[in-house]
Amino acid sequence: MPDGWAPLPREFYQRHPTLLAPELLNKLLVRSDGRAVRIVEVEAYAGHEDPAAHGYRGRTARNATMFGPPGHLYVYFIYGMHWGCNAVCGNGMGVLLRAGEPIAGIEAMMAARPVARRHQDLASGPGKLSQAMGVNRSMDGADLVTGDRGIIIVSDGTPPPSAPVTGPRIGISKATDFPWRWHVPDHPHVSVRSKKAKESLT
DNA sequence: GTCCCGATTCCCT
DNA sequence: GGGAATCGGGACC
């Protein structure tokens with residue numbers, strides 16, 4: 001890894017997902033083969049507090065990773081063909097990584113996603129991001145602090161945006177009024193632009 | 001055991 | 001903008 005890329009401490013992840021989510025913007029998701037994306041869009045899922053969360057009804061075999069220690073990767077399978085990546089906070093809570101800007105290993109990402117015709121199509125959605133980064137069930141539970149399974153989140157020193165865009169989460173049917181989606185303003189690699197999204201003042 | 005539908009993507013109109 | 005692809009989780013009988 002380049003000098004200046006530093007893993008985040010375990011405690012970074014151990015807080016409410018609505019606090020963790022905006023802090024993950026501009027962090028890097030990195031594979032040991034050199035692939036890396038800058039995280040530009042995230043959503044919070046707050047376990048038992050959140051009817052839209054996989055952890056809402058408690059621990060199951062599928063969501064067990066989210067009930068484990070913070071700083072691990074929860075990978076889920078959806079629509080019969082897509083994988084999704086979450087950073088685990090603990091207590092059944094986590095942050096969905098919805099979109100990234102490819103910054104390294106782009107050839108490998110294009111090989112993993114031959115359908116993508118532009119860099120902008122490589123990781124601009126949760127399923128695309130997972131496919132571009134080669135994430136599947138085998139990486140569920142990977143430690144994002146130590147990178148033990150070849151995937152890690154690091155900071156390159158870029159701070160999160162001071163005024164991220166917030167709005168309702170995408171693709172859910174419950175708790176649709178929770179403004180628990182955050183993305184980097186005016187970023188071309190964000191998955192979708194919400195009409196209800198607005199600039200945050202914090 | 002059965003049934004419904006999902007934290008999506010892609011292609012066609 | 002609409003619909004198909006595709007399959008596992010989990011609610012319910």
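Quick note on labels: first sequence line is chain A, next is B, and so on, each numbered from 1. Both backbone and side-chain heavy atoms feed into the values below; hydrogens, waters and symmetry mates do not.
The phosphate of dG10(C) has OP1 or OP2 within less than 4.0 Å of a side-chain N or O from T60(A). Residue R57(A) has a polar side-chain atom (N or O) positioned under 4.0 Å from OP1 or OP2 of dA11(C). Regarding contacts with the backbone of dT9(B), every side-chain N or O of H82(A) stays at 4.0 angstrom or more from both OP1 and OP2.
Relative to the side chain of R137(A), the nucleotides dG9(C), dT8(B), dG10(C) differ in distance, and dG9(C) lies closest. Among dG10(C), dC10(B), dT9(B), the nucleotide with an atom closest to any side-chain atom of R62(A) is dG10(C). Closest to the V115(A) side chain, of the nucleotides dC11(B), dG6(B), dT8(B), is dC11(B). In the set dT6(C), dA7(B), dG8(C), dT6(C) carries the atom at the smallest distance from any side-chain atom of M81(A). Each of dT9(B), dT6(C), dA7(B) was ranked by its minimum atom distance to the side chain of K128(A); first place goes to dT9(B). Closest contact between the side chain of I172(A) and the listed nucleotides dA5(C), dA7(B), dG9(C) involves dA7(B). For R113(A), the side-chain atoms get nearest to dC10(B) when compared with the rest of dC7(C), dA7(B), dC10(B).
Atom pair Y79(A):OH and dT6(C):C1' shows a separation of 12 Å (rounding to whole Å applied). When the P atom of dG6(B) is taken as reference, atom CD1 of I170(A) falls 15 Å away, rounded to whole Å. Between the OH atom of Y76(A) and the P atom of dG10(C) there is a distance of 14 Å, given to the nearest Å. Across the protein-nucleic acid pair, R118(A) atom CZ and dC10(B) atom P stand 11 Å apart, rounded to whole Å. Between the CG atom of N86(A) and the P atom of dT8(B) there is a distance of 11 Å, given to the nearest Å. Across the protein-nucleic acid pair, I78(A) atom CD1 and dG8(C) atom P stand 12 Å apart, rounded to whole Å. Remark: C1' of dA5(C) and CD of Q131(A) are 14 Å apart, rounded to the nearest angstrom. Y56(A) has its OH atom 18 Å from the P atom of dC5(B), to the nearest Å.
The residue G84(A) sits apart from the nucleic acid: no heavy atom pair falls under 4.0 Å. Note on M66(A): a base of the nucleic acid sits closer than 4.0 angstrom, heavy atoms only.
A cation-pi contact, defined as under 6.0 Å to the ring centre and within 45° of the axis, is absent between R181(A) and F178(A). Both tests pass for R169(A) against the ring of Y45(A): distance under 6.0 Å to the centre and angle within 45° of the axis.
A salt bridge links D121(A) with R118(A): the distance from a Lys NZ or Arg NE/NH1/NH2 to an Asp or Glu carboxylate oxygen falls below 4.0 Å.
Shown here for P102(A) and V37(A), the closest heavy-atom pair between the two residues is CA-CG1, 3.9 Å.
With a 4.5 Å cut-off between side-chain heavy atoms of Ile, Leu, Val, Met, Phe, Trp and Tyr, the cluster of L28(A) takes in M1(A), W5(A), V30(A), I103(A), I152(A), V154(A).
Relative orientation of the H16(A) and W180(A) rings is perpendicular, given thresholds of 30° and 60° on the angle between their planes.
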Original post:
Dot-bracket for DNA chain C, 5' to 3', counting Watson-Crick or G-U wobble pairs under 3.5 Å, with [ ] for crossing pairs and | for inter-strand pairs?
Top reply: |||||.||||||.

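Between the side chains of Q120(A) and H189(A), no donor-acceptor pair of N or O atoms lies under 3.5 Å.
With contacts defined as side-chain heavy-atom distances shorter than 4.5 Å, the pair L122(A)/K128(A) does not qualify.
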